[in-house]
Amino acid sequence: MGCASIESLCHFRDLSEVPAHRQLRNSDLLEQLRKAVDFRYIAVGGLDLEGYRIGRGRSIDTDMPPAYIDTYFGEKLGLSDPLVVQSLNRATPLTEEEAFDTMAPSQRLRYLLRSYEIGRRIQIPLSRNGIVYGGVCFTREKPFTASEQELLVFFAEPLHRAITKPLMDRFAAGVLRLTSGELRCLELAGKGLTSEEISGASDYQTETINSYLKSATKKLGAANRAHAIAEAIRRQLIS
């Protein structure tokens with residue numbers, strides 16, 4: 001899991017109150033990855049939610065030095081960091097060297113990276129429906145080999161999901177503004193029930209059910225009912 005458990009999130013009323021930058025603690029998955037690939041720091045950014053995608057520093061879990069993170073985000077360096085900027089429009093890993101060759105970093109960014117010995121970074125973008133919503137950044141002094149990059153890519157999505165799960169579990173429904181009726185209809189539809197059958201298993205009329213499912217589909221950014229159900233399950237909004 002990430003730095004925050006469900007219990008430690010309970011005193012926050014909504015996602016906007018949660019500290020944007022959080023100190024990442026070890027997890028079983030993270031420890032397994034460290035045994036396979038030697039890296040120094042990791043940063044898990046973005047949420048699969050509108051308004052919290054990577055690039056704006058709205059949700060970061062990292063074990064990088066707190067002073068570096070406070071300065072990096074306090075000065076909004078992520079908005080001009082070549083590694084972040086270029087990763088927002090690609091589906092493949094991007095190394096710091098590749099990013100800096102294409103777009104020159106600021107002297108301030110170079111100074112911070114050097115001062116805090118962050119090392120060479122590699123960013124693994126994560127996307128859904130062609131939109132990059134998050135990324136996982138790994139750092140160390142020497143470049144990652146091709147085989148190490150492949151392993152980092154393999155672990156990136158499940159690692160991001162595990163670390164952000166407490167936030168998604170507690171706040172995703174609120175951020176998406178899914179109502180209890182919409183969630184209930186999605187859950188029953190996910191069990192294979194038709195609108196008529198959902199009506200029989202609930203207090204809703206068929207017209208209301210169809211309206212709920214249509215609205216939920218739009219909020220989830222899905223193409224149809226089946227896609228909406230799949231998205232709700234993937235986001236762990238329904239089981």
Side-chain angles (χ1 to χ4, degrees), residues 1-5 21-49 52-55 57-66 68-69 72 78 81-103 105 109 112-114 116-169 230-231 233-236:
M1 290 297 178
C3 65
S5 66
H21 317 130
R22 302 171 296 274
Q23 189 66 23
L24 179 64
R25 296 172 183 168
N26 284 333
S27 67
D28 291 340
L29 187 57
L30 189 56
E31 285 303 303
Q32 291 175 26
L33 181 56
R34 284 189 185 278
K35 292 177 182 178
V37 181
D38 176 32
F39 61 90
R40 184 169 191 179
Y41 297 121
I42 179 176
V44 176
L47 295 174
D48 193 4
L49 295 170
Y52 291 88
R53 293 171 183 153
I54 195 170
R58 295 296 298 275
S59 180
I60 303 291
D61 291 280
T62 182
D63 59 1
M64 291 181 182
Y68 165 78
I69 292 298
Y72 182 92
D81 184 346
L83 187 70
V84 175
V85 172
Q86 295 179 50
S87 71
L88 296 179
N89 296 306
R90 59 186 289 153
T92 56
L94 179 67
T95 66
E96 187 172 88
E97 291 83 357
E98 292 171 328
F100 286 6
D101 283 345
T102 304
M103 177 182 173
L109 177 60
L112 284 177
L113 292 170
R114 182 173 61 253
Y116 287 96
E117 300 181 339
I118 298 301
R120 299 176 180 178
R121 300 173 296 163
I122 181 172
Q123 179 84 350
I124 315 295
L126 300 174
S127 62
R128 179 175 62 84
N129 297 333
I131 298 175
V132 174
Y133 64 84
V136 182
C137 179
F138 300 92
T139 85
R140 76 176 184 193
E141 190 56 39
K142 62 180 182 179
F144 292 99
T145 66
S147 60
E148 286 175 330
Q149 288 190 30
E150 290 180 2
L151 194 56
L152 293 178
V153 170
F154 179 80
F155 270 88
E157 196 279 332
L159 191 60
H160 186 282
R161 185 172 62 247
I163 289 172
T164 62
K165 186 177 185 299
L167 289 171
M168 296 294 285
D169 279 353
E231 279 298 306
I233 293 173
R234 188 181 70 81
R235 294 169 185 258
Q236 299 181 337

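Values in this document were obtained by computation on a predicted structure and should not be read as measured data.
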Basic-acidic side-chain contact under 4.0 Å: Lys35, Glu31: no

Carboxylate-amine/guanidinium proximity below 4.0 Å for Asp81 and Arg121: yes

State, to 0.1 Å, how close [X] and [Y] come at their nearest heavy-atom pair, and which atoms those are.
| X | Y | result |
| --- | --- | --- |
| Glu148 | Phe144 | OE1-CA, 3.5 Å |
| Pro82 | Leu94 | O-CD2, 4.3 Å |
| Pro93 | Gln149 | CB-OE1, 4.3 Å |
| Ser87 | Val132 | O-CG2, 3.8 Å |
| Ala162 | Leu29 | CB-CD2, 4.5 Å |
| Pro143 | Arg140 | O-NH2, 2.9 Å |

Side chain to side chain contact (heavy atoms under 4.5 Å, CB included) between Tyr133 and Leu47, worked out: CA-CA 6 Å; Tyr133 64 84; Leu47 295 174; over 6 Å; no

Close side-chain approach of [X] to [Y], heavy-atom, < 4.5 Å:
| X | Y | result |
| --- | --- | --- |
| Ile118 | Tyr41 | yes |
| Phe39 | Leu33 | yes |
| Ile60 | Leu24 | no |
| Met64 | Arg40 | no |
| Leu112 | Tyr68 | yes |
| Val44 | Ile42 | yes |

Worked check of side chain to side chain contact (heavy atoms under 4.5 Å, CB included) between Leu167 and Ser59: CA-CA 10 Å; Leu167 289 171; Ser59 180; 3.9 Å; yes

Aromatic Tyr52 / basic Arg58 pairing, under 6.0 angstrom, 45° off normal: yes

Drop me the distance from [X]'s [atom1] to [Y]'s [atom2], to the nearest 0.5 angstrom.
| X | Y | atom1 | atom2 | value |
| --- | --- | --- | --- | --- |
| Ile124 | Thr92 | CD1 | OG1 | 9.0 Å |
| Asp48 | Arg128 | CG | CZ | 4.0 Å |
| Leu113 | Arg120 | CG | CZ | 12.5 Å |
| Thr62 | Gln23 | OG1 | CD | 7.0 Å |
| Leu83 | Thr102 | CG | OG1 | 11.0 Å |
| Asp38 | Glu141 | CG | CD | 11.5 Å |

Trace of the side chain to side chain contact (heavy atoms under 4.5 Å, CB included) decision for Glu150 with Val37: CA-CA 11 Å; Glu150 290 180 2; Val37 181; over 6 Å; no

Option from Arg22, Arg34, Arg25 for which salt bridge (Lys or Arg N to Asp or Glu O under 4.0 Å) with Asp63 holds: Arg34

Donor on one side chain, acceptor on other, Glu98 and Thr95, under 3.5 Å: yes

Test of ring centre spacing under 6.0 Å for His160 and Phe155: no

